[in-house]
Protein chains: 2
Amino acid sequence: MYFINNKEFKCSINVTLDIFNDRWKLSIIWHLLQGEKRFKDLNEDISEITQKTLTIKLKELEEKNIINREVFPEVPPKVVYSLTEAGLRLKPVLDEMYDWGVKYVSEYGKITEDNMCYTELNRKK
Amino acid sequence: MYFINNKEFKCSINVTLDIFNDRWKLSIIWHLLQGEKRFKDLNEDISEITQKTLTIKLKELEEKNIINREVFPEVPPKVVYSLTEAGLRLKPVLDEMYDWGVKYVSEYGKITEDNMCYTELNRKK
DNA sequence: CAGCATCCCCTAAGATACTG
DNA sequence: CAGTATCTTAGGGGATGCTG
């Protein structure tokens with residue numbers, strides 16, 4: 001049995017599943033794996049997310065020690081997010097999810113090469 | 001751009017994230033990786049899930065060709081769920097999530113060895 | 001620019017009861 | 001045993017406007 005902030009888990013996998021059981025966190029990690037990003041950049045990368053939800057999710061990830069938040073005292077303000085050690089360790093997870101998606105699409109999806117995201121195009125090289 | 005049932009995705013990873021963006025599907029896969037299971041067994045393995053939700057999630061996974069559903073015409077009824085090829089390919093994903101959880105717990109959690117789930121105990125061997 | 005503050009809505013998920 | 005059928009609820013998430 002594991003306890004993290006008085007929340008108990010029967011199995012290690014449940015710790016991971018519990019943290020990432022929402023719609024956005026893994027997506028945020030995916031984009032931060034390309035390097036640190038400003039709030040605005042993340043908001044553009046994940047165009048479907050609202051500012052409010054992004055703010056909440058970033059805060060949650062910071063509390064769980066998965067990302068760092070660095071504030072630059074400038075005007076206009078500049079805030080940069082980056083992955084912690086724990087965050088960087090998620091790369092294998094996301095890579096496997098990506099690979100699974102590629103295979104799944106090849107079996108059950110239809111593809112149009114245009115309008116693909118940059119991550120996708122970079123991987124194709 | 002990818003299309004799966006007229007739903008469009010900018011990147012392969014989004015296909016994966018979209019399928020598993022709820023609270024239970026990956027947990028179900030995790031347990032099915034140990035072998036085929038009856039409805040009742042899954043319901044006991046994941047004791048927090050309700051019958052209704054389990055039914056819905058199993059149906060969704062079947063529709064997405066991730067699990068098989070086999071009905072035995074007996075009384076009382078017997079239904080066995082197992083992973084398809086696509087489902088089995090999720091093993092690396094779950095394994096990486098498990099490993100991440102182990103490491104995360106070692107850094108931020110407290111452990112009591114008793115009352116651990118069988119998966120956890122098997123892995124310790 | 002990077003956020004709060006509000007207000008609002010939908011739906012994933014829970015609780016409970018019933019059936020072939 | 002393996003599900004339906006209802007009813008209900010919490011909270012994740014959206015839309016919009018404001019501020020240091």
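Letters A, B, ... are given to chains in the order of the sequence lines, protein chains preceding strands, and every chain is numbered from 1. No hydrogens, no waters, no symmetry mates; every other heavy atom, side chains included, goes into these values.
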From C-beta outward on Thr55(A), which listed nucleotide comes closest to its side chain: dC1(C), dC1(D), dC4(C)?
dC4(C)

DNA chain C: Thr53(B) or Pro76(A), which has the more 5' nearest nucleotide?
Pro76(A)

Got a donor-acceptor contact below 3.5 angstrom from the Thr16(A) side chain to the Met97(B) backbone?
yes

In Å and rounded to the nearest 0.5 Å, what is the CG to CD distance from Leu83(B) to Glu36(B)?
10.0 Å

Value in whole Å for how far the C1' atom of dG14(C) lies from CD1 of Ile56(B)
11 Å

What's the closest nucleotide to the Thr50(A) side chain, out of dT6(D), dC1(C), dA15(D)?
dA15(D)

Determine the contact category for Glu74(B): base if any of its heavy atoms lies under 4.0 Å from a base atom, sugar-phosphate if only primed atoms, P, OP1 or OP2 are that close, otherwise nothing.
nothing

Phe39(B) side chain, from C-beta outward: closest of dG14(D), dC4(C), dA2(D)
dA2(D)

Length of the line joining Leu54(B):CG and dC1(D):C1', which is rounded to integer Å:
13 Å

Does OP1 or OP2 of dA13(C) have a side-chain N or O of Lys57(B) closer than 4.0 Å?
yes

Would you indicate what Glu48(A) reaches in the nucleic acid, counting non-hydrogen atoms under 4.0 angstrom: base, sugar-phosphate, or nothing?
sugar-phosphate

Quick one, Asn14(B) and Asp18(B) - any side-chain contact, counting heavy atoms below 4.5 Å?
no

When rounded to whole Å, the CD1 to C1' distance for the pair Ile28(B) and dA12(C) reads 13 Å

Which part of the nucleic acid does Tyr81(B) contact within heavy-atom distance under 4.0 Å: base, sugar-phosphate only, or nothing?
sugar-phosphate

Residue pair Lys59(A)/Asn21(A) against DNA chain C: nearer the 5' end by closest nucleotide is Lys59(A)

Quick check: on DNA chain D, is the nucleotide nearest Glu60(A) upstream (toward 5') of the one nearest Asp41(B), or the reverse? Name the residue that is more 5'.
Asp41(B)

Any side-chain N or O of Arg38(A) below 4.0 angstrom from OP1/OP2 of dA2(C)?
yes

